[in-house]
Amino acid sequence: MEQLKRTATCGELSAARAGDAVVLNGWVHRFRDHGGVKFVGLRDRYGITQVVVDEDADRSLKATAEGLKNEYCIAVRGTVRSRPLDMVNREMATGEIEVAAAEIRVLSSCETLPFMIDERSEARDELRMKYRYLDLRSFSMQRKIKLRHDVCYYTRQYLHERGFYEIETPTLIKSTPEGARDFLVPSRLQRGRFYALPQSPQLFKQIIMVSGFDKYFQLAHCYRDEDARGDRQLEHTQIDMEMSFVAKEDVFEVVEGLMAALFQRALGVGIETPFRRLSYDEAMNSYGSDKPELRFEMPLQDFGALAAGSGFGVFESVLTDGGTVKALVAGGCGDYSRKQIGQLEEAARTYGAAGLAWMKVSQSGGLEGGISKFFAERAAEVTGALGAVPGDLLLFVADQWKTACTALGAVRTRLGRELGLCDPSQFSFAWIVDFPLFEWNEDASRWEAAHHMFTMPQERFLATLENDPGAVKGDLYDLVCNGFELASGSIRIHDPALQQRIFNVVGFSEEEARRRFGFLLEAFQYGAPPHGGIAPGLDRLVMIMAGESSIREVIAFPKNTAGVSLMDDSPSQVDQSQLDELGLQIVERESG
RNA sequence: GGGGGCGUGGCGAAGUUGGUUUAUCGCGCCGGCCUGUCAAGCCGGAGGUCGCGGGUUCAAUCCCCGUCGCUCCCGCCA
């Protein structure tokens, strides 16, 4: 039988095409049988078109139509006709026409569905993942996948316009176990040896700079064997970029341009550049996070000066121990119940705070409840310093600086969401700069690179690198948006001597450095250009653009939080022969 | 590694401070009716070991313990 090849999509027909003979291919979205006349809502990627089988249609056509069920894949041959005025559906793009069927052919039938292909259907994620191909048929998923495609396309377009080359790097590489856990791939040819899947193309893109391709990018797959989250998968995609002969200003300018182009071209949304800049210290002090939600202000404030001498033992002892007391004014939350405050305290405790102190500003401007008795006499001073007004709730965390900030920051974020301060149509970008280069690892009793070991220290700290590593700020930067870390990057070290000093600070012997990154260090001996780069996370970017809160929503085939792909059931066991070939043996985990 | 939430016909939910009769509702599914619907409507029907295992009890979907699965969060994620 001759193929009924489509001549139009289900989203394109309008009254201008009335009278045309067309063939549509698609899926039965809905079937409505009125006994005489029958309607098929035919769906494809482009839309839904109403197909009509008229009362006077021939017997076999009617019989075929009556056999149709949801999600049958069919072909329809028919004629476009305008609907009578009172039957036009203004909700539908194709609502002014319908296709009168002359022939319907079932291309593929469909079992009873595990869930409806419907915007309103809310199957639980587990089922959506198992039957991902069905989930992806919905317009909402098709829209997100298209958005992702558009972002990829416009990324390539924009970076090409800016002179970048897209260069692929290997996905079977040397394991350099720093930071996240590597995924390992056993080698058959070199028994007992392993490749790693790249956590990022970091070393390769730096080598590409040495090779003279001074602007590089790649939509790179990155793999990290760590616990997954709503905004974190075992594998994700980065818009990986690197440039030679640049300072961080140049990187910012390119990324700001890229973001503006992507939001404009893919969403039609204008975003303001340049982006706001915050130092790491400012971000922590004011918002309690290195990826602050900036769609609302409600900043944390330092309460140390007023807490000192208050007579409140918790505050005073923390201050004596060199800690910090942070305050947050929750505007208009003076009517919060003990229970509500308890929930906020729970958020603070989650991030390591011992508790959450509070008091309320009464209508008379005095302080009441919670710890107010310690401040009652200085009420005006307290409210004045914090900028609080009657009806406000004052919240406090006293702890070591970082804990105090992050714990109260978590309270701030929770409050902001609760109070509806985050406008879903707003995108608040900011650069976070001046990160510390090193972090003290308590367990290992040594300094570690906060970002990675190839990050350039800021020049003003070069002289004191070894003396006071904790004070050193790096030339590294994060791009944040709406409380998510969207990108992370740095200016790199290209001087082997300086690189060696960094290795020394983190206790990396020359020998160990050579063993792990010898090829990069060697490359740097052959005229390495100054360079730097950044890597926006594609999944998070598309997630934010799509207004979603999980990157699973913008990944066609995601894994769950346990790293399992419910559709293909990976990871799976393998044949003994495969293990034998690789010289691998499975050792059962000891129970108990 | 730790903490919270959830698990009830194919799907989404309700329910029982432990009890009476057939575990309820919407969607879907099956059958019938219906010339204009577009989340069609009307009538009828099938479909459940209430995640699994154990315990308490005269009696457990409900309480307790364990376990599995999913999920959110802390840790982790240079």
Side-chain angles (χ1 to χ4, degrees), chain A residues 29-43 48-57 66 69-71 83-84 86-92 94-95 98 100 110-131 134 176-182 199-200 202-203 222-234 236 343 346-353 406-407 410 413-414 435-439 441 443 447-455 474 476 485 488-490 502 506 508 535 537 549-550 552 559-562 564 566:
Chain A
H29 190 64
R30 286 263 149 56
F31 179 60
R32 294 178 292 276
D33 187 345
H34 286 242
V37 67
K38 305 172 206 311
F39 302 97
V40 180
L42 190 65
R43 187 196 72 241
I48 294 178
T49 293
Q50 175 161 287
V51 172
V52 187
V53 177
D54 287 316
E55 167 74 4
D56 56 1
E66 276 161 20
K69 301 193 192 312
N70 283 336
E71 297 305 308
R83 297 195 198 179
D86 55 333
M87 287 165 202
V88 167
N89 185 341
R90 310 243 169 247
E91 312 284 298
M92 286 173 75
T94 60
E98 61 195 9
C110 179
E111 297 290 312
T112 298
L113 294 157
F115 53 85
M116 292 293 289
I117 313 297
D118 194 311
E119 310 300 288
R120 278 169 296 275
S121 160
E122 276 182 40
R124 87 182 77 150
D125 282 2
E126 192 177 347
L127 262 190
R128 295 177 54 205
M129 295 305 159
K130 181 168 182 196
Y131 299 96
L134 295 179
T176 56
E178 269 290 305
R181 219 172 274 117
D182 276 335
Q199 294 180 27
S200 80
Q202 184 61 35
L203 304 183
C222 304
Y223 307 85
R224 291 175 191 176
D225 189 5
E226 299 290 349
D227 290 4
R229 283 286 168 76
D231 64 347
R232 246 162 52 195
Q233 286 262 306
L234 297 183
H236 71 286
Q343 286 168 346
E346 207 42 56
R349 283 184 191 278
T350 301
Y351 284 80
T406 52
T413 309
R414 192 194 154 102
F435 279 86
L437 191 63
F438 301 107
E439 276 171 357
N441 182 324
D443 301 329
W447 290 103
E448 283 182 345
H451 183 57
H452 62 55
M453 289 188 283
F454 312 107
T455 300
L476 67 103
E485 179 192 314
S488 192
S490 65
I502 301 291
V506 300
F508 230 59
S549 54
S550 166
R552 284 192 293 265
K559 293 175 178 50
N560 69 13
T561 50
V564 172
L566 293 170

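Everything numeric here is computed off the predicted structure, so don't read it as measured data.
For A:R552, counting side-chain heavy atoms from C-beta on, the closest listed nucleotide (B:rC76, B:rU71, B:rC70) is B:rU71. Here B:rC38 is the nucleotide among B:rC38, B:rG69, B:rC76 with the atom lying nearest to any side-chain atom of A:M92.
Not counting sequence neighbours, A:D225 has no partner by the side-chain hydrogen bond (donor to acceptor under 3.5 Å, both in side chains) test.
Taking atom P on both nucleotides, B:rC29 is separated from B:rA39 by 16 Å, rounded to a whole Å. As rounded to the nearest Å, B:rG9 and B:rU24 have C1' atoms that lie 12 Å from one another.
Residue contacts for A:S200: at a heavy-atom cut-off of 4.0 Å it reaches a base atom on one of the strands shown. Residue contacts shown for A:N560 are limited to sugar-phosphate atoms, with no base heavy atom under 4.0 Å away.
A distance-only check finds no donor-acceptor pair linking the side chain of A:R552 to the backbone of A:N560 [under 3.5 Å]. A:Q233 places a side-chain N or O within 3.5 Å of a backbone atom of A:K559 that can act as its donor or acceptor partner.
Side-chain to base pairing of A:R349 with B:rC74: no donor and acceptor N or O lie closer than 3.5 Å to each other.
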Nucleotide by nucleotide, nucleotides 27-36 of chain B touches protein heavy atoms under 4.0 Å in the pattern (B base, S sugar-phosphate only, - none) -SSS---BBB

Sort me out a list of protein N/O and nucleotides 12-15 of chain B N/O pairs below 3.5 Å, or just none if empty.
{"unit_1": "B:rG12", "atom_1": "OP1", "unit_2": "A:R124", "atom_2": "N", "d": "3.0"}
{"unit_1": "B:rG12", "atom_1": "OP1", "unit_2": "A:R124", "atom_2": "NE", "d": "3.1"}
{"unit_1": "B:rG12", "atom_1": "OP2", "unit_2": "A:R124", "atom_2": "NH2", "d": "3.3"}

